[in-house]
Amino acid sequence: MFGPIRIRIAAAFVVLLAATWVATAALPLIVAIGFAVVVAAVLTLAVSTSIISPISRAIEVARRIAGGIRQERVTPRPSGEIGDLADAFNEMAQSLDQLIAAASEDHTRMLAALNSSADAVIALDEHDSIAFANAAAGHLLSERYQDMVGKPLAWSMPDAQVVEAVHSSRRLGEPQNVVAERPNRRFLEVTITPIIGGGEWASLMVLHDISEVRRAEHIRRDFVANVSHELRTPLAAVKSVIDTLNAGAIEDTTTARDFLSRADAELDRLVAMVEELLQLSRIESGERSLAFEDLAVDELISGAVNRLRLEAEKQGLSITIDVQPLTPPIKADRDLLESALVNLIQNSVKYTPRGGSIEVSARAEDGIVTVDISDTGEGIDPTDLPRVFERFYKADRARRAGGTGLGLAIVKHTAEAHGGTIKAESHLGKGSTFSLSIPVRPMDRGSGD
Ligand code: ADP
């Protein structure tokens with residue numbers, strides 16, 4: 001017990017000594033430190049409110065702008081140089097906002113222009129996926145254009161040569177052109193242009209449906225081939241007549257006359273064909289403008305029938321007319337319509353064997369007058385029937401009858417020029433009926449279609 005009391009006294013003595021020292025020597029030091037701490041705290045608070053807070057606020061605003069809230073600004077304006085910095089920051093944010101607005105307006109305008117373009121446009125990314133497709137592209141490829149975006153091009157156009165052209169356009173850095181064949185004999189011309197600096201757009205494709213152009217080219221080639229063929233036959237016949245006459249037949253008057261009449265018939269065919277071709281091209285090109293006038297249907301029909309009655313009687317054919325009472329007059333081109341009727345009746349005369357009959361009847365329904373030309377002739381094979389209105393089309397047996405194959409094509413164009421139609425029904429060995437329908441008034445043209 002004695003020991004610890006001594007220690008306690010010693011300790012108390014040390015504390016007393018220390019207190020005395022603090023009270024005398026260290027007090028100013030402590031006061032100085034305390035003062036320094038207070039000054040530091042005040043300074044920190046000042047720096048924090050005038051510098052750090054505005055900077056943190058600016059950082060926060062910058063983050064919000066980056067996050068898409070473009071109208072954010074540093075407010076309230078801090079004072080002093082930090083305020084200048086905030087002003088500069090706000091100006092930068094303002095011009096950035098204007099730049100972004102202008103760019104997005106340009107983008108929207110470009111997309112609107114591409115979307116409303118009649119040309120089909122597709123943009124591809126560098127992996128050949130569709131980054132953009134307009135409505136026309138969707139229509140052309142029979143897909144919803146919105147569904148095409150993000151999918152590989154090959155899903156919409158599985159044509160190897162198109163994909164190959166995309167790659168070679170990028171490799172060569174120049175546009176490439178290919179024609180892709182689609183189902184149902186449709187042809188698309190595809191122009192692929194590489195885009196340099198187009199962001200995610202690496203190539204631009206423009207597609208055109210050239211099926212009609214191809215079809216027209218095909219028809220034109222067929223037409224030229226047909227015309228050449230049809231002209232060559234009578235020309236060759238005339239040439240051989242001349243050769244035969246030259247070779248001595250001219251000395252024999254009877255033979256010479258016979259050959260000359262054959263040449264004459266061939267030349268008649270040639271002249272008829274050239275005239276029909278000219279007539280067809282004039283109607284088709286619109287060069288022959290229609291002279292509309294009110295035509296009484298019964299008069300029109302009897303005019304046409306009278307031109308052929310003699311020929312029909314010579315072939316032992318009866319020909320009758322049956323026009324429904326109160327059939328209204330039609331506004332049409334007299335010459336064109338009469339020659340169409342003559343063409344149809346002449347065919348009936350040509351393709352109906354002796355003893356047969358022909359009836360020309362007319363009726364009106366819903367503002368359309370239909371003239372039916374029916375015969376009890378040889379009829380038309382079902383495989384030929386859909387093609388008889390094509391130029392130069394002749395059923396095989398008809399080739400022997402020496403027609404040009406242009407008559408029904410002219411009738412079809414005449415009907416269409418009046419806004420009407422021509423149809424044929426036929427039963428092989430029993431006869432045919434051709435129905436020519438013309439609207440009563442020209443303004444009704446095609447309204448029923
Ligand atoms: P064509 O000068 O050969 O008569 P068309 O164009 O007038 O030319 O007729 C085309 C083909 O249609 C004819 O070759 C014939 O085969 C067939 N045809 C037209 N009208 C008749 C008809 N009334 N009866 C049978 N066949 C017909």
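Atoms within each ligand, like the ligands themselves, are counted from 1 in listed order. Note that this is a predicted model, so its numbers are computed, not measured.
Counting heavy atoms closer than 4.0 Å to ligand 1, residue Ile380 contributes side-chain atoms (C-beta onward) but none from N, CA, C or O. For Asp375, every heavy-atom contact with ligand 1 shorter than 4.0 Å involves the side chain, none the backbone. Heavy atoms of Tyr393 found under 4.0 angstrom from ligand 1 belong exclusively to the backbone.
Atom 3 (O) of ligand 1 has its nearest heavy-atom neighbour, among Phe434, Phe389, Tyr351, in Tyr351. Of all the listed residues (Val411, Leu408, Asp384), Leu408 holds the heavy atom that lies closest to atom 9 (O) of ligand 1.
Atom numbering of ligand 1 starts at 1 in the shown order; those under 4.0 Å from a heavy atom of Val388 are 10 (C), 12 (O). Remark: ligand 1 atoms within the under-4.0 Å shell around heavy atoms of Gly379 are 25 (C). For ligand 1, the atoms lying closer than 4.0 Å to a non-hydrogen atom of Gly405 are 1 (P), 2 (O), 3 (O), 6 (O), 8 (O). Close contacts between ligand 1 and Leu406 involve ligand atoms 6 (O), 8 (O) [criterion: under 4.0 Å to a heavy atom]. Atom numbering of ligand 1 starts at 1 in the shown order; those under 4.0 Å from a heavy atom of Lys394 are 3 (O), 14 (O). The Lys350 neighbourhood of ligand 1 comprises atoms 1 (P), 2 (O), 4 (O), with distances under 4.0 Å to a heavy atom of that residue.
Between the side chains of Ser348 and Asp375, a donor-acceptor pair is found at a separation under 3.5 Å. Checked by atom type, the side-chain pair Glu276/Thr404 shows a donor-acceptor distance below 3.5 Å. Under 3.5 Å, the side chains of Asn177 and Thr191 contain a donor-acceptor pair of N or O atoms. Thr327 and Arg363 share no side-chain donor-acceptor pair at under 3.5 Å.
Under the 4.0 Å criterion applied to side-chain N and carboxylate O atoms, Arg391 and Glu284 are assigned as salt-bridge partners. Between Glu143 and Lys151, no side-chain nitrogen of the basic residue sits less than 4.0 Å from a carboxylate oxygen of the acidic one, so the salt-bridge criterion is not met.
Classification of the Phe392-Phe223 ring pair by plane angle, with boundaries at 30° and 60°, yields tilted.
Each of Ile192, Leu124, Ile195 was compared with Arg170 under the side chain to side chain contact (heavy atoms under 4.5 Å, CB included) criterion, and only Leu124 meets it.
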